[in-house]
Amino acid sequence: SLLSCLSFGEVLLRLLRTSRAAPALLTAARLYSSGGQYEYILVEKRGEEKNVGFIQLNRPKALNALCDGLMREVGQALDTFEADSDVGAIVITGSERAFAGKSGADIKEMQNRTFQECFSGNFLAHWNSRYAAVNGFALGGGCELAMMCDIIFAGEKAQFGQPEILLGTIPGSGGTQRLTHAVGKSMAMKMVLTGDRINAQEAKQSGLVSDIYPVDQVVSEAIKCGEKIASNSKLVTAMAKEAVNAAFELSLAEGNRLEKRLFHATFATEDRKEGMTAFVEKRKANFQDK
């Protein structure tokens with residue numbers, strides 16, 4: 001899962017994929033032991049069992065504006081954590097002042113790009129396959145980054161928005177699509193066409209975030225949630241995530257069929273057997289991700 005904390009307290013939670021790559025594990029060992037080898041982010045493991053990956057955006061002078069290099073590093077860190085069999089959740093955070101700058105993406109980086117450069121280079125394409133979190137201001141790319149995650153926790157002072165229209169452009173990393181799924185057409189249309197922001201309470205009421213916490217508790221709550229998810233079977237967790245995500249792409253009938261097949265598939269796992277046996281024996285399950 002991926003949890004992330006924002007500057008004023010947004011936190012995202014994203015479930016890990018089940019890939020296990022040996023080279024990435026070696027990279028992980030080097031990164032953890034060296035304290036990280038990144039320019040724009042800080043990386044470590046947290047939680048009592050060190051099973052929660054922690055990524056902090058670290059461009060303080062730019063209010064953590066999402067430059068291309070930062071996004072690539074976040075993607076690399078996520079891939080490294082996903083290849084680590086000990087990690088079952090990831091928390092991403094910024095600073096208390098800003099998760100990803102007041103405009104989200106780094107506008108200075110984009111200011112002089114041409115259509116030809118963006119189109120031929122598929123600018124921001126790698127954002128779609130990465131996950132992010134927002135702090136304080138979750139605006140523009142910051143909001144899009146948050147919506148790439150599975151669960152969003154908001155701090156009491158969090159603000160969300162897609163202000164690209166005010167810059168003469170539109171969201172380019174899923175903002176028009178994911179926001180509409182999250183809050184509905186009318187609210188999404190208003191936010192995208194006016195550039196207006198919504199606060200944490202409005203975001204929760206509209207379904208964009210799941211919970212709101214005081215600023216000084218967001219990170220700890222995110223880690224707690226990550227530890228809870230990481231204690232479950234990673235294999236079955238991935239199945240559950242696939243089923244939920246399918247609800248946005250499939251009809252109800254098709255989604256129910258997929259859910260049933262995934263449910264049946266859990267009976268081929270050792271973890272399903274262990275979970276039910278532990279329940280009957282009134283003990284805590286010991287999942288092995290098999």
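A quick note: this is a predicted structure, and the numbers were derived from the prediction, not measured. No hydrogens, no waters, no symmetry mates; every other heavy atom, side chains included, goes into these values.
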From CE (Met147) to SG (Cys143), nearest 0.5 Å: 4.0 Å
Ion pair check, Arg261 and Glu259, cut-off under 4.0 Å: no
Any Phe81 side-chain heavy atom under 4.5 Å of Val43 side chain: yes
Min side-chain heavy-atom separation Ile223-Val219 under 4.5 Å: yes
SB check Lys241 Asp150 (cutoff 4.0 Å): yes
In one Ile/Leu/Val/Met/Phe/Trp/Tyr side-chain cluster, 4.5 Å: Leu57, Met148: yes
Joint hydrophobic cluster, Leu78 plus Tyr40, side-chain heavy atoms closer than 4.5 Å: yes
Main-chain N/O of Ile152 paired with Ser210 side-chain donor or acceptor, under 3.5 Å: yes
Distance (rounded to the nearest 0.5 Å) between Lys204 NZ and Ile212 CD1: 6.5 Å
Donor-acceptor side-chain pairing of Thr277 and Glu274 below 3.5 angstrom: no
Considering all heavy atoms, the nearest Val209-Ala200 contact: CG2-O, 4.2 Å
Passing option when Arg46 is tested against Glu49, Glu44, Glu48 for salt bridge (Lys or Arg N to Asp or Glu O under 4.0 Å): Glu44
Matching residue for Phe160 among Ile198, Val183, Asn199 - test: side chain to side chain contact (heavy atoms under 4.5 Å, CB included): Ile198
Interatomic distance, Tyr38 atom OH to Arg72 atom CZ [nearest 0.5 angstrom]: 14.0 Å
Spacing of CD belonging to Gln201 relative to CD belonging to Gln205, to within rounding of 0.5 Å: 7.5 Å
Nearest non-hydrogen partners of Gly195 and Ile165, listed with the distance: N-CG2, 3.8 Å
Taking every non-hydrogen atom, the tightest pair across Thr180 and Ala188: OG1-CB, 3.5 Å
Any Leu258 side-chain heavy atom under 4.5 Å of Leu250 side chain: yes
Heavy-atom side-chain contact between Leu179 and Glu144 under 4.5 Å: no
Any side-chain heavy-atom pair of Val52 and Val87 under 4.5 Å: no
Ile170-Leu139 co-clustered via ILVMFWY side chain contacts under 4.5 Å: no
No-hydrogen, no-angle side-chain donor-acceptor test under 3.5 Å, Glu254 and Asn256: no
Closest non-hydrogen atom pair, Arg272 against Thr266: CB-O, 2.9 Å
Electrostatic pair Lys45-Asp84, nearest N-O below 4.0 angstrom: yes
Glu281: partners by side chain to side chain donor-acceptor pair (under 3.5 Å), with sequence neighbours left out: Arg283
Asn51 side-chain N/O to Ser231 backbone N/O, donor-acceptor pair under 3.5 Å: no
Rounded distance (nearest 0.5 Å) linking atom NZ of Lys290 with atom NZ of Lys273: 13.0 Å
side-chain contact (heavy atoms from CB on, under 4.5 Å) between Val74 and Ile41, intermediate numbers included: CA-CA 7 Å; Val74 168; Ile41 61 176; 4.0 Å; yes
Lys234 backbone acceptor or donor facing Asp289 side chain under 3.5 Å: yes
Where Pro171 and Val192 come nearest, the two heavy atoms and their spacing: CD-CG1, 4.3 Å
Hphob cluster co-occupancy, Met187 + Leu208, side-chain heavy atoms under 4.5 angstrom: yes
Worked verdict on Thr176 versus Gln162 for side-chain contact (heavy atoms from CB on, under 4.5 Å): CA-CA 9 Å; Thr176 62; Gln162 299 290 164; over 6 Å; no
Pairwise distance CG(Asn232) to CD(Glu227) - rounded to 0.5 angstrom: 12.5 Å
Any Glu270 side-chain heavy atom under 4.5 Å of Gln288 side chain: no
Donor-acceptor pair, side chain of Arg197 and main chain of Phe137, under 3.5 angstrom: no
